[in-house]
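The structure displayed is predicted, hence computed values, not measured ones. Side chains are part of it too, since the values below use all heavy atoms of this structure and drop only hydrogens, waters and symmetry mates. Within every chain, numbering begins at 1; the chains are lettered A, B, ... in the order of the sequence lines, protein sequences first and strands thereafter.
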Amino acid sequence: MITEKILPNVSRRALLTGGLATGFLLAFHLPLRAAVNEPEQPKDTTDGKFAPNAFIRIDETGRTVLMMPQVEMGQGVYTSIAMILAEELDADWAKVSVLHAPPNDELYANPVFGLQATGGSTSIRAWWKPLRAAGASARAMLIQAAAAQWQVEPASCTASKGEVVHAASGRRLGYGGLALAAQSQTPPKDVPVKDPKDFVYIGQPLKRLDTPDKVNGKVVYGIDAILPNMKIATVATCPVFGGKVGKVDDSAATKIPGVRKIVVLDDTVAVIGDHMWAAKKGLEALKIEWNEGPNAEISTKDIWQDLRAASAKDGAIAKSIGDIAKGLASGDKFEASFELPFLAHASMEPVNATVHVRPDACEIWTGTQIMTRVQAEAANAAGVPVDKVIVNNHLLGGGFGRKLEPDMVVTAVKIAKQVDYPVKVIWTREEDIQHDVYRPVYRDQVTATLVDGKVSAWKYKIAGSAVIARWLPPAFQKGIDIDAVDAAADMPYDFPNFHVEYVRAEPPAVPTGFWRGVGPNNNVFAFECAMDELARKAGKDPVEFRRANLTKNPRALAVLNLVAERSGWGEPLPPRVGRGVCVQPSFGSYLATVVEAEIDDIGEIVLRRVTSVVDTGIAVNPDTVKAQIEGGLIFGLTAALYGEITIDKGRVQQSNFHDYRMMRINETPKIEVIVVKSGEAPGGIGEAGVNAGPPALRNAIYAATGVALRRLPIDRKLLAAGRKA
Amino acid sequence: MATNLTINGETKSFDAPPEMPLLWVLRDILGMTGTKFGCGIAQCGACTVHVDGKAVRSCVLPVSAVANRAITTIEHVGSTPSGAKVQKAWLEAEVIQCGYCQSGQIMSAAALLATTPNPDDADIDAAMAGNICRCGTYVRIREAIKQAASGRQS
């Protein structure tokens with residue numbers, strides 16, 4: 001499980017300088033140029049403010065601006081990170097607002113990755129300790145300032161809701177009035193953080209800070225940025241992976257009113273116009289010959305064949321307990337392989353970036369999960385120094401891992417270099433889906449034995465892309481992709497002989513990357529499907545069987561027991577209706593889920609009800625936790641029901657929401673999420689629900705029909721009534 | 001030739017090809033970016049606006065087709081009774097995650113409540129199935145529409 005810093009060789013300097021008040025370390029950056037339609041935002045200036053560290057700014061009116069090292073893409077992190085800071089700062093929540101942090105790894109690097117990235121359900125886990133310390137230290141400086149003014153001992157003062165209070169004399173001073181005096185205080189060492197019983201914000205379902213502007217059209221996503229003299233471009237990239245632009249005949253396109261310029265790049269053609277319509281019509285009017293290159297015969301059929309061959313090889317050993325060979329030599333044997341398809345991200349905000357390349361600088365307006373990498377890659381593409389690249393980040397209209405890649409910004413910079421005005425480059429939905437960085441195909445093999453109704457040996461082998469090896473190369477060690485094996489090597493069950501291997505298998509030419517749920521998507525699916533089949537082999541109820549194998553994991557057992565109770569597990573159901581269960585460790589949290597589904601005579605699936613119980617440790621904002629599980633379940637169930645990107649003749653065959661389907665409201669079941677009270681450290685939550693939906697649904701189908709599905713998405717043809725299990 | 005449209009009660013005059021979809025007129029000519037681009041083929045509902053009070057997908061609606069019609073967008077829907085109720089319920093039920101689809105969701109929900117003040121689940125499904133939410137906020141959308149209809153608080 002990726003819960004600690006995963007880069008062994010990166011110093012903790014960024015964490016320390018960013019998180020702890022060791023002086024007046026401020027975010028230095030070039031002045032940002034807001035889009036003209038941007039709602040007015042506070043500026044990150046520190047003049048005349050209490051600015052004890054990179055995260056906190058309090059002005060003389062007490063207005064408290066908190067700098068957000070992680071990006072907001074819907075997961076609620078701007079609110080929960082602000083809650084952590086405000087809690088230890090004892091800020092007045094009504095005076096809190098938040099600001100996107102600029103790209104700066106020294107100040108804002110995610111301690112898990114060593115760079116300023118938002119992903120892998122790391123935000124709260126990574127920042128919990130440093131931000132509590134930053135808030136507590138700032139509070140201590142405000143108390144010192146008040147105590148000095150009153151000539152009393154700091155220890156005789158307390159803080160609450162933006163005020164320092166001296167109870168003995170009844171005196172109070174607001175943080176605004178103390179801001180300047182606090183700025184000259186020396187930060188004390190080792191300020192204790194609060195006892196959780198004293199929390200006033202953490203644990204409360206506070207309203208999100210980002211939503212009021214999302215109901216009235218005021219919010220500005222990257223795609224909404226408007227700049228003076230800006231033009232709009234749209235692109236066509238060679239439909240074959242790795243192919244290049246050959247000849248372009250633009251004679252018809254240039255005649256279209258509003259078309260301004262055709263830009264030909266190595267693998268992409270862009271049309272710049274006065275508006276998106278002119279750009280689209282211009283692109284349609286181009287006659288482009290592509291040099292399809294060596295990948296014009298690639299197909300998913302061949303990729304699956306290659307992956308199956310690769311998964312027959314021995315892999316690098318990720319974990320080995322007991323004696324696997326001996327364990328597999330006796331008992332009742334079970335073998336199965338599980339296969340998961342390529343998936344596109346399809347965030348609702350299509351991929352886009354707005355860029356203005358000027359002689360002195362390159363300025364970018366976008367929504368990215370990876371600020372500093374975007375800055376570095378843009379500098380490279382623009383041919384300017386990194387400190388001349390200004391990144392104006394925005395709220396993201398969904399990320400899901402797609403915006404952990406900088407490719408769209410690089411392409412936009414290359415286009416914008418050809419003109420002297422700002423260009424907003426918008427990918428059509430078709431280009432977005434056909435030129436994604438895809439969730440890899442995976443093949444997972446389980447070989448297990450049962451002795452006395454319990455698992456005695458479990459050999460597990462994952463074959464698939466090593467996304468980590470490309471995205472964060474130093475973290476790829478000894479042939480193991482820590483993401484691909486996540487939730488497998490640290491599975492919740494107590495198997496006496498246990499062995500996990502990983503085979504790196506890269507599909508030819510198809511770029512692969514992180515997709516919400518990340519590595520555990522494949523492992524939780526394979527584990528929990530295999531557990532259901534083993535339960536049946538052992539003649540046991542699936543929940544009972546899991547309990548028997550969860551002897552050393554009380555948190556996992558507790559969520560399983562509660563979900564069984566709340567879902568009505570064991571109560572009678574009509575024919576062709578089934579319940580399926582999934583229990584999983586998840587980024588420091590534990591989740592158990594029951595899906596109840598009906599499978600009609602032709603194999604169509606109706607989701608009736610989903611119940612999830614989550615132990616995420618301390619839930620910073622319990623309503624956000626619920627929302628993330630609800631949404632994650634739908635994200636995962638969508639993939640199970642519909643999600644598959646296929647490739648033929650080197651091209652992605654899907655293009656838009658008619659053939660890359662999303663679950664809709666009329667297909668959405670009743671969902672109940674129970675967040676259990678816990679005093680453990682906070683776990684991750686953004687990915688968890690995504691992992692849970694597919695195996696729980698598959699196991700419900702297994703219960704209802706007896707058909708043991710081994711691949712996703714679900715093949716309805718296998719589920720028609722009367723088919724043999 | 002100048003085109004005139006009545007948007008949010010104001011007359012707007014601009015030059016645009018007659019077949020240009022209303023979505024791009026709103027976003028790229030008039031600078032009204034609350035209405036979103038999601039798919040361009042009326043599959044996702046992110047671009048939903050009201051034309052004479054009905055929810056329509058502006059990404060496939062030629063601007064020439066709405067010349068004499070009353071257009072309402074997310075920027076102004078809060079001034080209609082059903083729009084205001086929906087916006088309030090959306091915040092009370094904490095529906096929104098990334099929010100990108102929510103302009104369209106709110107426009108569809110406001111149009112539903114304007115004609116069907118007390119929708120049941122089937123009414124909600126029929127009115128809202130054209131709006132995709134990738135964050136998966138559907139459970140709360142359903143709840144918020146019911147809250148907006150009944151006027152009760154969460």
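Distance OG1/Thr33(B) to CD1/Ile226(A): 5.0 Å, rounded to 0.5 Å. Note that the CD1 atom of Ile132(B) and the CZ atom of Phe657(A) stand 5.0 Å from one another [nearest 0.5 Å]. To the nearest 0.5 angstrom, Lys214(A) atom NZ is 9.0 Å from Gln102(B) atom CD.
For the pair Ile232(A) and Arg27(B), the minimum side-chain heavy-atom distance is 4.5 Å or more. Residues His275(A) and Met20(B) have side chains in contact (heavy-atom distance under 4.5 Å, counting atoms from C-beta outward). Residues Glu349(A) and Lys36(B) are not in side-chain contact: their nearest non-hydrogen atoms beyond the backbone lie 4.5 Å or more apart.
Within residues 56-73 of chain B, no residue has any heavy atom closer than 4.5 Å to a heavy atom of chain A.
Looking only at heavy-atom pairs under 4.5 Å with chain A, the residue among Pro17(B), Gly34(B), Ser103(B), Cys135(B) that has the most is Cys135(B). Top candidate by heavy-atom pairs under 4.5 Å with chain B, chosen from Leu396(A), Asp224(A), Thr428(A), is Asp224(A). Heavy-atom pairs under 4.5 Å with chain B were tallied for Met73(A), Gln628(A), Met276(A); the largest tally goes to Met276(A). Among the candidates Ile433(A), Leu637(A), Ile223(A), the residue making the largest number of heavy-atom pairs closer than 4.5 Å to chain B is Ile223(A). Heavy-atom pairs under 4.5 Å with chain A peak, among Gly99(B), Ala126(B), Ala46(B), at Gly99(B). In terms of non-hydrogen atom pairs under 4.5 Å with chain B, the most contact-rich of Ser347(A), Ala346(A), Gly398(A) is Ala346(A). Interface check for chain B: of the options Gly631(A), Ala278(A), Gly632(A), the most heavy-atom pairs under 4.5 Å are formed by Gly631(A). When Val215(A), Ile634(A), Thr211(A) are compared by the number of non-hydrogen pairs under 4.5 Å with chain B, Val215(A) comes out ahead. For the set Ile141(B), Thr35(B), Val86(B), Val139(B), the count of heavy-atom pairs under 4.5 angstrom toward chain A peaks at Val139(B).
Nearest heavy atom pair, residue Gln87(B) against residue Asn216(A), reads NE2-CA, 3.8 Å. Residues Pro350(A) and Gly38(B) come closest through the heavy atom pair CG-O, 4.0 Å. Among all heavy-atom pairs drawn from Met662(A) and Arg134(B), the shortest one is SD-NH1, 3.3 Å. Heavy-atom minimum distance, Tyr221(A) versus Tyr100(B): OH-N, 3.2 Å. Closest non-hydrogen pair, Glu92(B) versus Lys207(A), comes out as O-NZ, 2.7 Å. Of all the heavy atoms in Gly397(A) and Cys98(B), the pair that sits closest is C-SG, 3.4 Å.
Both the backbone and the side chain of Glu19(B) come within contact range of chain A, each with at least one heavy atom under 4.5 Å from a heavy atom of that chain. Leu91(B) touches chain A through backbone and side chain together, each having a heavy atom under 4.5 Å away. Looking at Asp210(A), only its side chain comes within 4.5 Å of chain B, counting heavy atoms on both sides. Only the side chain of Ile426(A) comes within contact range of chain B, judged by heavy atoms closer than 4.5 Å. For chain B, no part of Thr624(A) is nearby; none of its heavy atoms comes within less than 4.5 Å. At a 4.5 Å heavy-atom cutoff, Asp121(B) makes no contact with chain A through either its backbone or its side chain. Contact annotation for Lys231(A): neither backbone nor side-chain heavy atoms come within less than 4.5 Å of a heavy atom of chain B. With a threshold of 4.5 angstrom between heavy atoms, Ile96(B) approaches chain A through its backbone and through its side chain. Residue Glu72(A): no heavy atom, backbone or side chain, is found under 4.5 Å from chain B.
Of the possible polar contacts, one joining the Tyr138(B) side chain to the Met663(A) backbone as a donor-acceptor pair under 3.5 Å is found. Side-chain atoms of Asn656(A) come within 3.5 Å of backbone N or O of Cys39(B) as a donor-acceptor pair. In terms of modelled atom types and a separation under 3.5 Å, the side chain of Gln97(B) and the main chain of Ala627(A) share a donor-acceptor contact.
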Before giving the answer on side-chain contact (heavy atoms from CB on, under 4.5 Å), spell out for Asn131(B) and Ile665(A) the whole-Å C-alpha distance, their side-chain angles and the decisive distance to 0.1 Å.
CA-CA 8 Å; Asn131(B) 290 80; Ile665(A) 196 169; over 6 Å; no

Give the C-alpha distance, both sets of side-chain angles, the deciding distance and a yes or no for salt bridge (Lys or Arg N to Asp or Glu O under 4.0 Å) between Glu630(A) and Arg140(B).
CA-CA 9 Å; Glu630(A) 290 165 6; Arg140(B) 293 182 185 218; 2.8 Å; yes

Quick one: do Cys133(B) and Met348(A) satisfy side-chain contact (heavy atoms from CB on, under 4.5 Å)? Show the steps, please.
CA-CA 7 Å; Cys133(B) 173; Met348(A) 290 309 296; over 6 Å; no

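No more than 12 heavy-atom neighbours from other residues, nucleotides or ligands sit within 6.0 angstrom of CG on Asn229(A).
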With a cut-off of 3.5 Å and sequence neighbours excluded, list every side-chain donor-acceptor pair involving residues 666-675 of chain A.
from, atom 1, to, atom 2, distance (Å)
Glu667(A), OE1, Arg664(A), N, 2.6
Glu667(A), OE2, Tyr642(A), OH, 2.2
Glu667(A), OE2, Arg661(A), NH2, 2.9
Thr668(A), OG1, Arg664(A), O, 3.0
Glu672(A), OE2, Arg566(A), NH2, 2.7

